[in-house]
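Below: one structure, written as structure tokens.
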Amino acid sequence: MNVAEVTAKAEVLLEALPYIQDFRGSTFVVKYGGSFMDDPDPTMRTRVAADIAFFAACGINVVVVHGGGKAITRAMEASGLKANFVNGLRVTDEATVAVVKKTLDEIVNRDVCEAMSSANAKPKGLPGDTVLVCEKLVLDDEGNAIDLGYVGDVTEVKVKLIKKEIADGFVPVISPVAEGYDGKPYNVNADLVAGRVASALRARRLVYMSDVPGLLANPADAASLISTLKISQVEELKKKGVIDKGMRPKVASAVRALEEGVQRVHFIDGRLSHSLLLEIFTDKGIGTEIVQG
Ligand SMILES: Nc1ncnc2c1ncn2[C@@H]1O[C@H](COP(=O)(O)OP(=O)(O)O)[C@@H](O)[C@H]1O
Ligand SMILES: CC(=O)N[C@@H](CCC(=O)OP(=O)(O)O)C(=O)O
């Protein structure tokens with residue numbers, strides 16, 4: 001390696017220094033997206049896990065919430081059940097919620113923890129219904145009455161239990177299931193869980209990783225990235241159909257988290273090598289940042 005190459009490497013490290021100094025002791029919540037986790041290339045998951053290990057080594061308290069929508073749909077099909085979504089949320093009857101819980105806790109959570117262990121990130125898998133309480137979801141994101149079956153809306157995050165794991169040096173890895181007031185497990189959209197967990201922990205950063213570069217003005221055109229989205233622009237983009245499908249719960253929970261005190265919310269592409277590190281530790285982010293205003 002010549003001097004210029006060595007210097008360039010040092011410069012990259014130094015660019016991260018003020019961020020590392022500033023973020024030490026802060027809490028980040030990372031939504032480990034369902035879609036990109038499904039990629040057949042396992043190195044994708046390992047790279048994200050390495051980024052999380054990097055944060056943890058810098059003294060940042062990372063909490064992971066994972067999805068698993070595609071894995072659930074596959075497991076439903078294998079059981080002869082048909083997946084059906086309303087505004088990005090899965091219609092969940094009694095047979096479906098059993099498949100959801102089994103798939104998330106026994107397959108996806110284990111996979112995420114394995115990827116993190118291989119990057120020495122010290123994961124601690126937490127079935128969501130051990131740390132999240134919910135009521136049945138009865139209103140959609142427009143305030144209209146809705147009945148999706150066993151779909152919950154998180155009302156309590158057991159912050160003490162999560163903080164205890166962090167204090168013991170673990171990265172909590174939470175599945176998107178919550179315990180209802182009837183003691184039964186409910187299916188909760190993972191983006192909504194990530195937002196509620198971030199608010200409850202007063203996180204400094206909430207990062208949603210998915211399989212798109214961020215929020216796109218035209219979902220069919222990857223080059224149409226909206227770098228900064230103000231809360232005041234959300235309604236219009238919803239009316240135009242730009243914020244649709246899986247983006248609806250993502251944007252709704254991002255807005256709510258900001259209103260509840262989370263400092264910044266990012267949407268980034270989990271398929272892109274080390275997008276998490278680049279978004280947080282460099283001067284120019286790469287995805288969509290959602291801000292107050
Ligand atoms: N304006 C938009 N920009 C980007 N993606 C969009 C947009 N509108 C809808 N989407 C869809 O949202 C999906 C991401 O949400 P979701 O399926 O819930 O992903 P994940 O499971 O990774 O959280 C994208 O794959 C895309 O199909
Ligand atoms: C109520 C609801 O829709 N729950 C989601 C939970 C998993 C999830 O959100 O996974 P992704 O992040 O991969 O989409 C579902 O059943 O698909």
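Keep in mind that this is a model prediction, so the values were computed, not measured. When a ligand or atom number is given, it counts from 1 through the structure's own listing order.
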**Prompt:** Leu237 versus Leu215: any side-chain heavy-atom pair under 4.5 Å?
**Reply:** yes
**Message:** At less than 4.0 angstrom from any non-hydrogen atom of Leu89, what atoms of ligand 2 do you find?
**Reply:** 3 (O)
**Asked** Taking only residues two or more places apart in sequence, or in another chain, which ones meet Lys136 in a side chain to side chain donor-acceptor pair (under 3.5 Å)?
**Response** Asp147
**Prompt:** Under a heavy-atom criterion of less than 4.0 Å, does Asn189 contact ligand 2?
**Reply:** yes
**Asked** Would you say the side chain of Leu201 lies within less than 4.5 Å of the side chain of Val262, judging by non-hydrogen atoms?
**Response** no
**Any N or O of Lys245 closer than 3.5 Å to N or O of ligand 1** = no
**Message:** When you compare the side chain of Phe28 with that of Val63, does any pair of heavy atoms fall below 4.5 Å?
**Reply:** no
**Qualifying residues under salt bridge (charged side-chain N to carboxylate O under 4.0 Å, His left out), relative to Lys164, sequence neighbours excluded** = Asp168
**Complete:** Here the atoms of ligand 1 under 4.0 Å from any heavy atom belonging to Leu215 are 1 (N), 2 (C), 3 (N)
**Request:** Can you sort out which atoms of ligand 2 are near Arg90, meaning under 4.0 Å from one of its heavy atoms?
**Result:** 1 (C), 2 (C), 3 (O), 15 (C), 16 (O), 17 (O)
**Request:** Please identify which atoms of ligand 2 are closer than 4.0 Å to at least one heavy atom of Lys31.
**Result:** 12 (O)
**Message:** Using side-chain heavy atoms (C-beta onward) and a distance below 4.5 Å, is Val291 in contact with Ile231?
**Reply:** no
**Asked** Given the rule in the side-chain contact (heavy atoms from CB on, under 4.5 Å) test, do Arg205 and His266 qualify, once you have shown the distances and angles that lead to the verdict?
**Response** CA-CA 8 Å; Arg205 294 283 183 275; His266 305 261; 3.4 Å; yes
**Fill in**
So the atoms of ligand 2 within less than 4.0 Å of a heavy atom of Ala190 turn out to be 8 (C), 9 (O), 12 (O)
**Prompt:** Taking only heavy atoms of Gly68, which atoms of ligand 2 are found under 4.0 Å from at least one of them?
**Reply:** 10 (O), 11 (P), 13 (O)
**Side chain, backbone, both or neither: Lys31 near ligand 1, heavy atoms under 4.0 Å** = side chain
**Item:** Contact check, Pro213 vs ligand 1, heavy-atom distance below 4.0 Å
**Value:** no
**Prompt:** Does any N/O atom on Leu216 come nearer than 3.5 Å to any N/O atom on ligand 1?
**Reply:** yes
**Message:** Counting only heavy atoms closer than 4.0 Å, does ligand 1 sit against the backbone of Val242, its side chain, both, or neither?
**Reply:** both
**Request:** Specify side chain, backbone, both or neither for Leu104, according to which of its non-hydrogen atoms lie closer than 4.0 Å to ligand 2.
**Result:** neither
**Prompt:** So which bit of Lys70 gets within less than 4.0 Å of ligand 2, heavy atoms only: side chain, backbone, both or neither?
**Reply:** neither
**Message:** When you measure from the centre of the six-membered ring of Tyr208, is the NZ or CZ of Lys31 closer than 6.0 Å and no more than 45° off the axis?
**Reply:** no
**Message:** Counting the benzene-type ring for Trp, do Phe55 and Phe281 have ring centres under 6.0 Å apart?
**Reply:** yes
**Prompt:** At a non-hydrogen distance cut-off of under 4.0 Å, which region of Ile72 contacts ligand 2 (side chain, backbone, both, or neither)?
**Reply:** side chain
